[in-house]
Amino acid sequence: MRRRSVPRTVRHDVYRQCFGRCAYCGRSLKRHGFHVDHRWPLSKGGTNRRGNLQPLCAQCNLRKGDRIPWLRLVLRWSFFLCAIAGPLL
(Lines give C-alpha, C1' and ligand atoms only; values in the text may rest on other atoms or scores of the structure.)
Protein backbone atom coordinates (compact mmCIF):
# COMPACT_ATOMS: atom_id res chain seq x y z
CA MET A 1 0.00 0.00 0.00
CA ARG A 2 1.41 3.37 -1.02
CA ARG A 3 1.28 6.30 1.38
CA ARG A 4 -0.43 9.48 0.31
CA SER A 5 1.63 12.65 0.34
CA VAL A 6 0.98 15.25 3.01
CA PRO A 7 -1.08 18.19 1.66
CA ARG A 8 0.87 21.41 1.09
CA THR A 9 -1.07 23.37 3.73
CA VAL A 10 -0.37 20.70 6.36
CA ARG A 11 3.34 20.60 5.41
CA HIS A 12 3.48 24.37 5.86
CA ASP A 13 1.85 24.16 9.31
CA VAL A 14 4.24 21.37 10.38
CA TYR A 15 7.21 23.44 9.18
CA ARG A 16 6.04 26.48 11.14
CA GLN A 17 5.33 24.58 14.39
CA CYS A 18 9.09 24.28 15.03
CA PHE A 19 9.98 27.60 13.38
CA GLY A 20 11.61 25.90 10.40
CA ARG A 21 13.90 23.73 12.52
CA CYS A 22 14.27 19.97 12.95
CA ALA A 23 12.29 18.86 16.01
CA TYR A 24 15.19 16.59 17.11
CA CYS A 25 18.50 18.26 16.36
CA GLY A 26 17.39 21.87 15.79
CA ARG A 27 19.00 22.21 12.36
CA SER A 28 17.52 24.82 10.06
CA LEU A 29 15.29 23.14 7.45
CA LYS A 30 14.69 24.11 3.84
CA ARG A 31 11.04 24.89 3.25
CA HIS A 32 10.70 22.13 0.64
CA GLY A 33 13.41 19.67 1.68
CA PHE A 34 12.32 18.38 5.09
CA HIS A 35 10.62 15.16 6.17
CA VAL A 36 7.20 15.15 7.81
CA ASP A 37 7.53 12.54 10.55
CA HIS A 38 4.86 10.81 12.63
CA ARG A 39 5.64 11.12 16.35
CA TRP A 40 3.62 7.96 16.93
CA PRO A 41 4.37 5.86 13.80
CA LEU A 42 1.55 4.71 11.55
CA SER A 43 2.92 1.17 11.88
CA LYS A 44 2.22 1.34 15.62
CA GLY A 45 -1.29 2.78 15.34
CA GLY A 46 -0.46 6.48 14.87
CA THR A 47 -2.63 8.84 12.85
CA ASN A 48 -2.13 11.48 10.18
CA ARG A 49 -3.51 14.23 12.41
CA ARG A 50 -1.44 17.40 12.65
CA GLY A 51 -0.71 16.85 16.34
CA ASN A 52 1.09 13.62 15.44
CA LEU A 53 3.30 15.24 12.80
CA GLN A 54 6.66 16.93 13.28
CA PRO A 55 9.34 18.35 10.96
CA LEU A 56 12.63 16.43 10.84
CA CYS A 57 15.76 16.66 8.75
CA ALA A 58 16.39 13.60 6.59
CA GLN A 59 19.24 12.38 8.81
CA CYS A 60 17.16 12.40 12.02
CA ASN A 61 14.10 10.86 10.35
CA LEU A 62 16.06 8.01 8.79
CA ARG A 63 17.84 7.31 12.09
CA LYS A 64 14.53 7.30 13.99
CA GLY A 65 12.73 4.87 11.69
CA ASP A 66 9.48 3.63 13.23
CA ARG A 67 10.71 3.82 16.81
CA ILE A 68 9.18 6.00 19.52
CA PRO A 69 12.29 7.47 21.22
CA TRP A 70 10.45 9.57 23.80
CA LEU A 71 8.51 6.54 25.06
CA ARG A 72 11.74 4.88 26.23
CA LEU A 73 12.66 8.07 28.13
CA VAL A 74 9.24 8.21 29.83
CA LEU A 75 9.51 4.58 30.90
CA ARG A 76 13.00 5.13 32.32
CA TRP A 77 11.89 8.18 34.32
CA SER A 78 8.77 6.47 35.65
CA PHE A 79 10.88 3.51 36.84
CA PHE A 80 13.36 5.93 38.45
CA LEU A 81 10.62 7.94 40.18
CA CYS A 82 8.94 4.78 41.48
CA ALA A 83 12.25 3.57 42.87
CA ILE A 84 12.72 6.86 44.73
CA ALA A 85 9.12 7.28 45.89
CA GLY A 86 8.76 3.67 47.04
CA PRO A 87 10.81 4.08 50.25
CA LEU A 88 8.97 7.33 51.03
CA LEU A 89 5.54 5.70 51.09
Side-chain angles (χ1 to χ4, degrees):
M1 183 169 80
R2 188 166 181 252
R3 288 189 190 193
R4 292 186 302 183
S5 61
V6 177
R8 188 177 306 170
T9 56
V10 175
R11 282 186 67 83
H12 181 69
D13 290 346
V14 169
Y15 179 83
R16 288 184 351 171
Q17 87 183 17
C18 286
F19 307 102
R21 301 213 166 260
C22 175
Y24 278 13
C25 70
R27 276 191 204 130
S28 182
L29 299 171
K30 293 180 181 175
R31 196 178 269 293
H32 299 290
F34 69 96
H35 290 205
V36 175
D37 175 61
H38 293 84
R39 287 183 174 110
W40 195 274
L42 293 174
S43 64
K44 300 204 181 339
T47 67
N48 282 319
R49 293 187 175 163
R50 289 181 189 190
N52 191 40
L53 303 176
Q54 63 185 349
L56 294 183
C57 65
Q59 186 177 6
C60 287
N61 192 32
L62 296 174
R63 187 177 329 127
K64 176 186 173 267
D66 72 341
R67 291 185 298 276
I68 310 169
W70 56 267
L71 184 59
R72 182 179 297 161
L73 182 64
V74 168
L75 293 174
R76 280 186 194 161
W77 272 104
S78 63
F79 177 77
F80 174 73
L81 293 175
C82 289
I84 291 173
L88 299 175
L89 297 177

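Since we're looking at a predicted model, the values are computed, not measured.
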Practice problem: With Pro55 as reference, evaluate Cys18, Cys22, Cys60 under the side-chain contact (heavy atoms from CB on, under 4.5 Å) test and give the passing residue. | Solution: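 With Pro55 as partner, side-chain contact (heavy atoms from CB on, under 4.5 Å) holds for just one option, Cys18.
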Quiz prompt | Same apolar cluster: Val6 and Val14, side chain cutoff 4.5 Å | solution =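 Both belong to a single hydrophobic cluster.
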Quiz item: Cation-pi between Arg11 and Phe34: NZ/CZ under 6.0 Å from ring centre and within 45° of the ring axis?
Solution: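 Arg11 over Phe34 ring: yes.
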Quiz item: Taking side chain as C-beta onward, heavy atoms only, is Lys44 less than 4.5 Å from His38?
Solution: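 Lys44 vs His38: side chains apart.
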Quiz item: Checking Arg27 side chain against Cys57 main chain: does a donor-acceptor pair fall under 3.5 Å?
Solution: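 Not confirmed, Arg27 side chain does not pair with Cys57 backbone.
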Quiz item: Between Asp37 (side chain) and Asn61 (backbone), is there a donor-acceptor pair under 3.5 Å?
Solution: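 Between the backbone of Asn61 and the side chain of Asp37 there is no qualifying donor-acceptor contact (under 3.5 Å).
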Gap between atom [atom2] of [Y] and atom [atom1] of [X] - 0.5 Å precision:
{"X": "Arg21", "Y": "Leu29", "atom1": "CZ", "atom2": "CG", "result": "8.5 Å"}
{"X": "Asp13", "Y": "Arg8", "atom1": "CG", "atom2": "CZ", "result": "13.5 Å"}
{"X": "Tyr15", "Y": "Gln54", "atom1": "OH", "atom2": "CD", "result": "15.5 Å"}
{"X": "Thr47", "Y": "Leu53", "atom1": "OG1", "atom2": "CG", "result": "7.5 Å"}
{"X": "Tyr24", "Y": "Lys64", "atom1": "OH", "atom2": "NZ", "result": "5.0 Å"}

Quiz item: Side chains of Gln17 and Arg50: do they bring a donor and an acceptor to under 3.5 Å?
Solution: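 Not at all, the side chains of Gln17 and Arg50 share no donor-acceptor pair under 3.5 Å.
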Exercise. Given side-chain contact (heavy atoms from CB on, under 4.5 Å), test Leu42 with Asn48 step by step and report yes or no.
Key: CA-CA 8 Å; Leu42 293 174; Asn48 282 319; 3.8 Å; yes
